[in-house]
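Structure, as structure tokens:
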Amino acid sequence: MNEAAFPVYVPHMPVLTALAFSIVRWNAPILAQFALVIAGTAVVTFAVYEIIVRRLRLTRFLFGLKPRRAARAM
């Protein structure tokens with residue numbers, strides 16, 4: 001997770017803001033809204049990291065990550 005610290009930290013704020021902006025408008029109990037914002041932010045942020053940042057060369061470079069090593073044949 002050391003490698004993921006910065007690439008997770010950076011996109012979490014826009015994700016949090018977008019989710020909170022839409023969820024807070026719902027007519028639901030405040031604890032349910034809070035739980036949805038927290039859980040949704042975690043899920044979406046880690047999905048963005050796994051699918052976009054970690055797998056693409058350009059985004060790895062933009063986030064300052066080392067290039068992935070080639071798979072070793074045994």
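Along the sequence shown, the residues carry numbers beginning at 1.
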Inset, instruction - Take Leu65 and Val53 through the side-chain contact (heavy atoms from CB on, under 4.5 Å) test and state the conclusion after the steps. - result: CA-CA 9 Å; Leu65 301 176; Val53 175; 4.0 Å; yes
In this structure, would [X] and [Y] fall into the same cluster of hydrophobic residues linked by side-chain contacts under 4.5 Å?
X	Y	answer
Val48	Val10	no
Phe46	Val15	no
Val37	Ile30	no
Leu16	Leu36	yes

Inset, instruction - Taking all non-hydrogen atoms of both residues into account, name the closest pair between Phe63 and Pro7 and its distance. - result: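 Nearest heavy atoms, Phe63 then Pro7: CD2-CA, 3.7 Å.
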Inset, instruction - Check whether any side-chain heavy atom of Met13 lies under 4.5 Å from a side-chain heavy atom of Tyr9, and answer yes or no. - result: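 Answer no - side chains too far apart.
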Inset, instruction - Could you tell me whether the side chain of Ile23 reaches within less than 4.5 Å of the side chain of Phe34, counting heavy atoms only? - result: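 Side-chain contact under 4.5 Å: no.
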Hey, is the main chain of [Y] close enough, under 3.5 Å, to the side chain of [X] for a donor-acceptor pair?
X	Y	value
Arg60	Arg54	yes
Thr45	Val8	no
Arg57	Pro67	no

Inset, instruction - Working to the nearest 0.5 Å, report the span between CG of Asn27 and CD of Gln33. - result: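 If I round to the nearest 0.5 Å, the distance is 8.5 Å.
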Legend entry - Audit row: Phe61, Leu56, side-chain contact (heavy atoms from CB on, under 4.5 Å) steps and yes/no: CA-CA 9 Å; Phe61 173 75; Leu56 301 175; over 6 Å; no
Inset, instruction - Establish, for the pair Arg25 and Phe21, whether the NZ or CZ atom is under 6.0 angstrom from the six-membered ring centre and no further than 45 degrees off its axis. - result: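 Judged by the rule, Arg25 and Phe21 form a cation-pi pair.
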